[in-house]
Novice: 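A single structure is presented below for examination.
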Amino acid sequence: MIPASHLTDYLREQALNLDLTDVQIAVMTLQAVIAVDKPIPQRDVYRYKVPKLGEGGSCSLFGELDETPYDLRVVLGVETPETTAGLVNLNALLDSVNAKIGADWLGIYRKIGVGKNAVLVKLAYKGVESRAEFPLTEEFAEFSNNSRVGLTGWAVVVDDVEKWRADGGGYYECDPKVKSEICLPVLRSDDNVLGIIDAESFTAGHFTPERQAWLAALAIVLPQILVNLPPLENGESLPN
């Protein structure tokens, strides 16, 4: 059971003005999703398609897929029953949350590596193909909300992407149809960033407080899974 004080602390620190009861109900629901036994996955939870990256790797080429899928086994190590179970749980949580919020894209990323080689690696997602890694550098954070949240540990809510960009906000465009976005940090018990979640919609203003409650709940329950996945903490470069 996650104490209510942990929920209120997260909401306060992330400046999310959400109904505590809504978040509590969502957390309990997602805890039940984690607890239930799940069948052996019928699809590959370790490999997924990714778009080709533009010159220098700074942007994705929308609609152009790389011939080589991204393989999480390179990042997480050899395939084990425990790691598979963790990835299956991540996908089950995405299914449950997106049934409530109706996002057009929803993904979970884990921080892997240290120092200048630290990146956010996409572990599970729903929606069109997108890049697998986001560098955790100040330079990349200037135009990527994922990297910004991964570096700062502070939530970013974009109700209107067009207005956000017009006002000078940096924005990494994976899909030109995206009109709104919310990116939340997943925090360790010491408040250091463990990962992030990112949700996007083709409709401006899609992420109402009721929908944000489910995303906040997801960010709050994820540490129990992400901390048990094998990290790559030796500073090695990851595959692109």
Side-chain angles (χ1 to χ4, degrees), residues 14-16 48-66 70 72 75 90 94 103-187 192-202 204 206-207 212 215-216 218-219 222 226 231-232 235 237-240:
Q14 299 305 320
L16 297 171
Y48 53 78
K49 296 179 180 180
V50 291
K52 292 180 179 179
L53 296 182
E55 185 177 353
S58 63
C59 62
S60 301
L61 300 179
F62 183 70
E64 297 187 42
L65 297 181
D66 197 306
Y70 190 86
L72 288 171
V75 178
L90 295 183
L94 290 182
D104 292 294
W105 200 94
L106 178 61
I108 297 169
Y109 298 77
R110 165 76 189 271
K111 179 183 176 182
I112 294 180
V114 295
K116 62 183 178 62
N117 289 322
V119 296
L120 292 170
V121 174
K122 185 175 63 180
L123 300 182
Y125 74 100
K126 293 183 68 65
V128 299
E129 294 84 3
S130 62
R131 72 181 295 146
E133 300 175 11
F134 281 85
L136 287 174
T137 64
E138 294 290 347
E139 180 182 21
F140 214 83
E142 289 181 3
F143 62 92
S144 165
N145 286 328
N146 286 0
S147 295
R148 182 179 298 110
V149 173
L151 278 177
T152 66
W154 296 102
V156 171
V157 180
V158 181
D159 287 324
D160 187 325
V161 169
E162 185 176 349
K163 184 177 185 302
W164 172 272
R165 299 177 78 168
D167 291 341
Y171 191 78
Y172 182 90
E173 185 176 273
C174 289
D175 187 336
K177 297 191 296 294
V178 172
K179 301 299 182 186
S180 58
E181 177 187 29
I182 178 170
C183 187
L184 301 179
V186 178
L187 302 174
N192 284 319
V193 174
L194 181 60
I196 70 161
I197 59 174
D198 183 49
E200 299 174 342
S201 172
F202 299 157
H206 178 80
F207 297 106
Q212 289 184 35
L215 292 167
L218 177 60
L222 277 175
L226 297 190
L232 181 65
S237 295
L238 300 178
N240 292 321

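Keep in mind the model is a prediction, meaning the values are calculated, not measured. All residue numbers in this chain count up from 1 along the given sequence.
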Novice: Give me the atom names and distance for the closest heavy-atom approach of Ala118 to Lys111.
Specialist: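 Heavy atoms only, the tightest pair is CB-CE, 4.3 Å.
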
Novice: One pair to check against side-chain contact (heavy atoms from CB on, under 4.5 Å): Asp198 and Asn145. What are the steps and the verdict?
Specialist: CA-CA 9 Å; Asp198 183 49; Asn145 286 328; 5.8 Å; no

Novice: What are the two closest non-hydrogen atoms of Pro185 and Gly153, and how far apart are they?
Specialist: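 Nearest heavy atoms, Pro185 then Gly153: CG-O, 3.3 Å.
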
Novice: Got a second to check how far Leu120's CG is from Arg131's CZ, nearest 0.5 Å?
Specialist: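 Reported value, rounded in 0.5 Å steps: 10.5 Å.
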
Novice: Nearest 0.5 Å, please: how far is CZ in Arg165 from NZ in Lys163?
Specialist: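 If we round to the nearest 0.5 Å, Lys163:NZ and Arg165:CZ are 14.5 Å apart.
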
Novice: Would Phe202 and Val178 count as a side-chain contact (heavy atoms from CB on, under 4.5 Å) here? Give the steps.
Specialist: CA-CA 4 Å; Phe202 299 157; Val178 172; 4.1 Å; yes

Novice: I need the Leu123 CG to Ile108 CD1 distance, nearest 0.5 Å.
Specialist: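 Answer for the CG-CD1 pair, Leu123 versus Ile108, is 7.5 Å.
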
Novice: Could you check Gln14 against Leu187 for side-chain contact (heavy atoms from CB on, under 4.5 Å), going step by step and ending with a plain yes or no?
Specialist: CA-CA 11 Å; Gln14 299 305 320; Leu187 302 174; 4.0 Å; yes

Novice: Check whether any side-chain heavy atom of Lys122 lies under 4.5 Å from a side-chain heavy atom of Tyr48, and answer yes or no.
Specialist: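 Yes, close enough: below the 4.5 Å cut-off.
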
Novice: Measure across Leu65 and Lys49 and return the closest heavy-atom pair with its distance rounded to 0.1 Å.
Specialist: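 Of all heavy-atom pairs spanning Leu65 and Lys49, the closest is CD1-CD, 3.9 Å.
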
Novice: Let's go through Asp104 and Val128 carefully: what are the C-alpha distance in whole Å and the side-chain angles of both, what is the deciding distance for side-chain contact (heavy atoms from CB on, under 4.5 Å) to 0.1 Å, and is it a yes or a no?
Specialist: CA-CA 8 Å; Asp104 292 294; Val128 299; over 6 Å; no

Novice: If the test is side-chain contact (heavy atoms from CB on, under 4.5 Å), which one of Asn146, Val186, Val121 qualifies with Tyr109?
Specialist: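 Of the listed residues Asn146, Val186, Val121, the side-chain contact (heavy atoms from CB on, under 4.5 Å) partner of Tyr109 is Asn146.
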
Novice: Would you say the side chain of Asp66 lies within less than 4.5 Å of the side chain of Leu53, judging by non-hydrogen atoms?
Specialist: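 Result no, sub-4.5 Å side-chain heavy-atom pair not found.
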
Novice: Considering non-hydrogen atoms only, spot the tightest contact between Leu215 and Leu106 and give its length.
Specialist: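 Taking Leu215 first and Leu106 second, the nearest heavy atoms are CD2-CD1, 3.8 Å.
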
Novice: Compare every heavy atom of Val193 with every heavy atom of Val149, then report the nearest pair and how far apart it is.
Specialist: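 Nearest pair, atom of Val149 first, then Val193: O-CG2, 4.1 Å.
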
Novice: As an exercise, state the distance from CZ of Arg110 to CG of Leu72, rounded to the nearest 0.5 Å.
Specialist: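 Going from CZ on Arg110 over to CG on Leu72, the span is 12.0 Å.
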
Novice: For the OG1 atom of Thr152 and the CG atom of Leu136, what is their distance to the nearest 0.5 Å?
Specialist: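 Those atoms lie 10.0 Å apart.
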
Novice: Do any N or O atoms from the side chain of Gln212 and from the backbone of Phe207 form a donor-acceptor pair under 3.5 angstrom?
Specialist: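 Yes: the side chain of Gln212 pairs with the backbone of Phe207.
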
Novice: To the nearest 0.5 Å, what is the distance between CZ on Arg148 and CD on Glu142?
Specialist: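 It comes to 8.5 Å.
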
Novice: Kindly give the heavy-atom pair with the smallest separation between Trp164 and Val157, and that separation in Å.
Specialist: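 It is CZ3-O, 4.3 Å.
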
Novice: Measuring only between side-chain heavy atoms, which start at C-beta, is Leu151 closer than 4.5 Å to Glu138?
Specialist: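 Yes, side chains in contact.
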
Novice: Checking the side chain of Ser147 only, and the main-chain atoms of Pro135 only, is there a donor and an acceptor separated by less than 3.5 Å?
Specialist: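 Between the backbone of Pro135 and the side chain of Ser147 there is a qualifying donor-acceptor contact (under 3.5 Å).
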
Novice: Under 3.5 Å, is there a donor-acceptor pair between the side chain of Tyr125 and the main chain of Ser130?
Specialist: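 Checked: no pair found.
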
